[in-house]
Amino acid sequence: MAKTLLIATRNKGKVREFERMLIGVSFEVVGLDDLGIDIEVEETGSTFEENAVLKAKAYGEAAGVLTLADDSGLVVDALGGEPGVLSARYGGEGLTDDDRVQLVLQKLNRTSGWNRQARFIAVLALVGNEVPNGLVISRGVVEGAIAHEPIGNNGFGYDPIFWITSHTKTTAQMSAEEKDSVSHRGIAMQSLMGSLTSIY
Ligand code: ITT
């Protein structure tokens with residue numbers, strides 16, 4: 001019987017990306033709702049690593065199965081690294097993804113093209129008895145710049161303003177396959193694949 005792998009995130013955009021990146025692996029991939037896990041894990045860490053491990057351990061303990069968690073975000077140099085680990089909550093809890101995109105654009109409205117460098121960072125934590133020492137962490141980074149306006153309808157979160165110069169488009173203009181091949185989450189996932197395939 002296939003081993004169960006829990007994707008421990010409530011972010012639907014991330015779920016979509018993980019599901020498609022895990023096509024072909026011999027796991028039964030499930031989400032938090034499939035296992036009826038309704039705990040909320042507070043992201044109290046100050047780094048992506050701390051928060052990814054916190055989420056993987058808490059959800060993994062609740063589920064009792066192999067668990068993969070992601071902590072990720074947008075780091076903008078001209079904003080001193082903001083939104084960073086606060087990316088999902090930037091500007092306050094009540095905002096939508098579009099509101100947060102507008103907030104970043106507004107904060108950068110006096111910042112010229114050269115100074116709009118940014119990166120997406122993802123840290124993945126895989127937790128389970130099957131994992132050597134119980135925990136594997138992987139990190140992926142993609143460099144880009146903040147566009148002057150939102151462009152494209154694919155993806156989620158800050159994708160409409162994340163411009164990848166080498167591809168002359170935002171990650172919201174990329175197909176699923178294209179984003180996975182360049183993205184922070186795609187890169188982190190590639191380096192985790194070895195650990196995953198050695199388990200099943
Ligand atoms: P979980 O904790 O349940 O996984 P979350 O959305 O709260 O969901 P994070 O704390 O890791 O997750 O926040 C990540 C935020 O960073 C996310 O909500 C987006 O705003 C942004 N982000 C991360 N990866 C992104 C991507 O590939 N494209 C666009 N925005 C992204």
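Atoms within a ligand are numbered from 1 in the order they appear, just like the ligands themselves. For clarity, every value in this text was computed on a predicted model and none was experimentally measured.
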- Task: First locate atom CZ of Phe27, then atom CG of Leu196, and finally report the distance between them rounded to the nearest 0.5 Å.
- Result: 5.0 Å
- Residue pairs meeting salt bridge (Lys or Arg N to Asp or Glu O under 4.0 Å), one or both in residues 182-199, sequence neighbours left out, come to Glu17-Arg185, Asp70-Arg185
- Task: For the residue pair Ile7 and Val30, establish whether any side-chain heavy-atom pair is separated by less than 4.5 Å.
- Result: no
- side chain to side chain donor-acceptor pair (under 3.5 Å) filter on Asn154, not counting sequence neighbours, yields none
Give me the pairs of N or O atoms, one from ligand 1 and one from the protein, that sit under 3.5 Å apart.
residue: ligand 1; atom: 2 (O); partner: Glu43; partner atom: OE2; Å: 2.9
residue: ligand 1; atom: 2 (O); partner: Lys55; partner atom: NZ; Å: 2.6
residue: ligand 1; atom: 3 (O); partner: Thr9; partner atom: OG1; Å: 3.3
residue: ligand 1; atom: 3 (O); partner: Arg10; partner atom: N; Å: 2.8
residue: ligand 1; atom: 4 (O); partner: Thr9; partner atom: OG1; Å: 2.6
residue: ligand 1; atom: 4 (O); partner: Lys14; partner atom: NZ; Å: 2.7
residue: ligand 1; atom: 6 (O); partner: Asn11; partner atom: ND2; Å: 2.9
residue: ligand 1; atom: 10 (O); partner: Glu43; partner atom: OE1; Å: 2.9
residue: ligand 1; atom: 10 (O); partner: Glu43; partner atom: OE2; Å: 3.2
residue: ligand 1; atom: 10 (O); partner: Asp71; partner atom: OD1; Å: 3.3
residue: ligand 1; atom: 11 (O); partner: Lys14; partner atom: NZ; Å: 2.8
residue: ligand 1; atom: 11 (O); partner: Asp71; partner atom: OD1; Å: 3.1
residue: ligand 1; atom: 11 (O); partner: Ser72; partner atom: N; Å: 3.0
residue: ligand 1; atom: 11 (O); partner: Ser72; partner atom: O; Å: 3.4
residue: ligand 1; atom: 12 (O); partner: Lys14; partner atom: NZ; Å: 2.8
residue: ligand 1; atom: 18 (O); partner: Asn11; partner atom: ND2; Å: 3.4
residue: ligand 1; atom: 24 (N); partner: His184; partner atom: NE2; Å: 3.1
residue: ligand 1; atom: 24 (N); partner: Arg185; partner atom: NH2; Å: 2.9
residue: ligand 1; atom: 27 (O); partner: Lys179; partner atom: NZ; Å: 2.6
residue: ligand 1; atom: 27 (O); partner: His184; partner atom: NE2; Å: 3.3
residue: ligand 1; atom: 27 (O); partner: Arg185; partner atom: NH1; Å: 3.2
residue: ligand 1; atom: 28 (N); partner: Asp159; partner atom: OD1; Å: 2.9
residue: ligand 1; atom: 28 (N); partner: Asp159; partner atom: OD2; Å: 3.1
residue: ligand 1; atom: 28 (N); partner: Lys179; partner atom: NZ; Å: 3.3
residue: ligand 1; atom: 30 (N); partner: Tyr158; partner atom: N; Å: 3.1

- Set of side chain to side chain donor-acceptor pair (under 3.5 Å) partners for Arg139, sequence neighbours left out: Glu49
- Over all atoms of both residues, closest heavy-atom pair of Ser46 and Val85: O-CG1, 3.9 Å
